[in-house]
Amino acid sequence: MDLFSLIFELIDLRSFSNLWYWIALAVLWSSASHWVLGVPFDMVARAAKHGGSAAQDLEDAVRIQVNRLLYISEVSGFALTAFAFFMITTLVLLGFYYRVEFAQAVVLMLIPMYVVGLINLRAARALRTPHDIDALRKRLTRTRVLIQLVGVISIFVTALWGMYQNLTFGALG
């Protein structure tokens with residue numbers, strides 16, 4: 001067995017039949033639902049349980065992340081949006097017109113993450129003005145539930161498309 005065949009056997013571009021793709025998808029959505037606005041969600045639970053300095057830490061972390069997200073969107077939002085649309089258009093063409101399965105798999109991961117980014121940006125704009133700790137926790141919890149809903153729909157659609165690909169083209173190539 002030569003080096004190239006070993007490398008291509010380890011890095012299989014048939015994504016939907018590859019266990020590593022599904023592990024990466026699970027880690028992606030686990031991370032997306034844990035980090036709401038860039039703030040770990042366990043800080044919300046800790047602030048609800050203990051209050052005091054934990055609540056102040058949550059308010060400070062949210063304030064920092066909100067200011068960061070809003071600054072990035074104001075300064076380079078147009079360029080980031082243009083680049084995102086360029087990437088998605090390229091990947092959609094590669095994946096669904098030219099039938100490159102790896103590009104399909106990346107599209108099915110990226111498009112929902114763009115939706116998550118928009119959800120976080122919307123929440124950041126809503127939290128621009130100071131809120132009391134209960135309203136802040138409520139907004140972060142609602143944002144997390146919305147992100148989890150997008151994740152469930154995304155995983156369902158990805159699983160359906162992956163099963164279709166595996167049944168149509170065979171899981172073993």
Could you check if a side-chain atom of [X] sits within less than 4.5 angstrom of a side-chain atom of [Y], using non-hydrogen atoms only?
X	Y	result
His131	Arg139	no
Leu37	Leu127	yes
Met163	Leu160	yes

Show the nearest heavy-atom pair for residues [X] and [Y], with the distance to one decimal.
X	Y	result
Leu94	Ala103	CB-CB, 3.8 Å
Ala32	Ile147	O-CG2, 3.7 Å
Arg125	Ser73	NH2-OG, 3.8 Å
Ser15	Glu101	N-OE2, 3.0 Å
Pro112	Ser154	CG-OG, 3.2 Å
Leu110	Leu91	CD1-CD1, 3.7 Å

To the nearest 0.5 Å, how far apart are [atom1] in [X] and [atom2] in [Y]?
X	Y	atom1	atom2	result
Asn120	Leu140	CG	CG	9.5 Å
Ile111	Met113	CD1	CE	12.5 Å
Ile64	Glu59	CD1	CD	12.0 Å
Leu58	Asp60	CG	CG	9.0 Å
Arg63	Arg68	CZ	CZ	14.0 Å
Ile133	Leu136	CD1	CG	5.0 Å

Set of residues satisfying salt bridge (Lys or Arg N to Asp or Glu O under 4.0 Å) with respect to Asp134, sequence neighbours excluded
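Result, salt bridge (Lys or Arg N to Asp or Glu O under 4.0 Å) vs Asp134: Arg137.
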same_hphob_cluster([X], [Y]) at 4.5 Å side-chain heavy-atom cutoff:
X	Y	result
Val62	Ile119	no
Val150	Leu69	no
Val116	Leu121	no
Met87	Phe102	yes
Val66	Leu146	no

Counting distance only, does the side-chain N/O of [X] pair as donor-acceptor with the main-chain N or O of [Y] below 3.5 Å?
X	Y	result
Gln104	Gly95	yes
Ser33	Ser30	yes
Thr168	Tyr164	yes

Is the Trp161-Phe156 ring centre distance short of 6.0 angstrom?
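For Trp161 and Phe156, the ring centres are not under 6.0 Å apart.
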How about [atom1] on [X], more than 12 heavy atoms from neighbouring residues, nucleotides or ligands closer than 6.0 Å, or not?
X	atom1	answer
Phe96	CZ	yes
Phe85	CZ	no
Arg142	CZ	yes

Restricting to pairs with a member in residues 21-78, which pass ring pair (Phe, Tyr, Trp, His ring centres under 6.0 Å), not counting sequence neighbours?
Phe16-Tyr21
Listed by chain and number, what are the side chain to side chain contact (heavy atoms under 4.5 Å, CB included) partners of Ser76, not counting sequence neighbours?
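Testing Ser76 for side chain to side chain contact (heavy atoms under 4.5 Å, CB included), a comparison that skips the adjacent residues, returns Ile72, Leu80.
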